[in-house]
Amino acid sequence: MEKVAFIINPFSAKKNYQPFLNELKNKVGNPLYYVSESIPGTDEFIKTHFDEVDIFVAIGGDGTISTVAKNLISTDKILAIFPAGSGNGFSNETRFSKNLDELLEKIKAKQSRKIDTFTVNDRLSINVSGTGFDGKVVKEFEKTSRGFKNYIKVSLKTFFNYKPIKVTFLEEQYQQYNGRYLMLNIANTRQFGNNAYIAPKASKSDGLVDMVLVKKFPLTYSALFAFRMFTKRLKDDEYVTYLPVSEISFKVNTKNWHLDGEFNKIESPIHVKVQPASLNILV
């Protein structure tokens, strides 16, 4: 398969990538692939093969996909995905499945479209990024062996002990939303992953992201919040506020963020900016 490169995160899919690689070699013959040792290693591989490759396939979770995508922003190169993460939010939203035959058919057809991405203080995000409660959860989650059950355990433990973050907006039109929040999320697509829809109306091709402000809610509301999130029914109410924006600046009294599910330390002030139609993705 010419002009296609496969980039594998060996730490995704419970560190069991060999079955995928065996199937790939069986169906493609002699594929161009790289088992990533590090983010700089992935960057170097893409740089080395950039001119000869049209489609770069990321095999991993949202963090892996974002690492590959940042090398393809504002170019004619195409991103494809084989989901192998714990949540797979972005691949769910872009309709990639764990079916290699289906992926290879898409690659042969070579149809693509442009979607938005965004930056948080110039750091790329393609799916959902945030701070507050979920930033803390990701930090603690990375100390575990991952998996959905561990994510739920960490989330519950963190929720009862977590003190809300303080958010202060710099633009006058948003200062009415200054206050303390359980979490603040920036959503380019609808879901975190595992079909948890934090922003059911978000679109990855409208030039906007949904800023989601969630106040700390009582335990009696938690079941309703979870029900709405998993059934795509979250909406503005006394605890949840949605702000569709193309660019926004604010301060927050924590450095703990997650960008597409990967823990990052980011200092305030925070500047979020959409990059419209900046990423070419296989369809």
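Because only heavy atoms are used, hydrogens play no part in the values below, and waters and symmetry mates are left out as well, while side chains stay in.
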Main-chain N/O of S38 paired to T42 side chain as donor or acceptor, under 3.5 Å | yes
Passes side chain to side chain contact (heavy atoms under 4.5 Å, CB included), H49 versus L32? Steps please.
-> CA-CA 10 Å; H49 296 280; L32 173 62; 3.8 Å; yes
State whether the number of non-hydrogen atoms from other residues, nucleotides or ligands found under 6.0 Å of [X] atom [atom1] is greater than 12.
X: N22; atom1: CG; result: yes
X: K265; atom1: NZ; result: yes
X: E172; atom1: CD; result: no
X: I39; atom1: CD1; result: no
X: E247; atom1: CD; result: yes
X: K273; atom1: NZ; result: no

Are [X] and [Y] grouped together when hydrophobic residues (ILVMFWY) are joined by side-chain heavy atoms under 4.5 angstrom apart?
X: V245; Y: L208; value: no
X: F227; Y: L219; value: no
X: L224; Y: M229; value: yes
X: V283; Y: L72; value: no

Full working for side chain to side chain donor-acceptor pair (under 3.5 Å) between Y221 and D237 = CA-CA 12 Å; Y221 178 85; D237 64 12; 2.5 Å; yes
Salt bridge (Lys or Arg N to Asp or Glu O under 4.0 Å) between K70 and D43, intermediate numbers included | CA-CA 9 Å; K70 81 174 189 293; D43 294 341; 2.9 Å; yes
is_close_aromatic([X], [Y]), centroid dist under 6.0 Å:
X: F6; Y: Y33; result: no
X: F230; Y: Y197; result: no
X: Y239; Y: F225; result: no

Does F118 have K204 sitting over its ring (NZ/CZ under 6.0 Å from centre, angle to axis within 45°)?
-> no
Would you kindly check if the NZ (Lys) or CZ (Arg) of K77 is within the cone defined by 45 degrees around the ring axis of F50 and under 6.0 Å from the six-membered ring centre?
-> yes
Got a second to check how far E93's CD is from I115's CD1, nearest 0.5 Å?
->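 It comes to 10.5 Å.
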Rounded to the nearest 0.5 Å, how far does NZ of K106 lie from CD of E102?
->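 These two atoms lie 5.5 Å from each other.
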Polar contact flag, side-chain donor to acceptor under 3.5 angstrom, S36-N9 | no
Classify the side-chain pair N280/R113 by whether it contains a donor and acceptor separated by less than 3.5 Å.
-> no
Would you please test S129 and D260 for side chain to side chain contact (heavy atoms under 4.5 Å, CB included) and show each step?
-> CA-CA 5 Å; S129 294; D260 299 323; 4.1 Å; yes
D206: what forms a salt bridge (charged side-chain N to carboxylate O under 4.0 Å, His left out) with it, not counting sequence neighbours?
->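 None.
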Could you tell me which residues satisfy salt bridge (charged side-chain N to carboxylate O under 4.0 Å, His left out) with K27, sequence neighbours excluded, listed by chain and number?
-> E23, D101
Steps toward side chain to side chain donor-acceptor pair (under 3.5 Å) verdict (T189, N127) | CA-CA 5 Å; T189 75; N127 194 52; 2.4 Å; yes
Passes side chain to side chain donor-acceptor pair (under 3.5 Å), T117 versus S278? Steps please.
-> CA-CA 6 Å; T117 61; S278 54; 2.7 Å; yes
I8 and Y34: CA distance, side-chain angles, deciding distance, side chain to side chain contact (heavy atoms under 4.5 Å, CB included) verdict | CA-CA 6 Å; I8 302 168; Y34 172 65; over 6 Å; no
Would you call K201-D210 a salt bridge at under 4.0 Å N-O?
->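 No salt bridge links K201 with D210.
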Pick from D116, T119, I126: which one makes a side chain to side chain contact (heavy atoms under 4.5 Å, CB included) with Q275?
->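 Result for side chain to side chain contact (heavy atoms under 4.5 Å, CB included) with Q275: T119.
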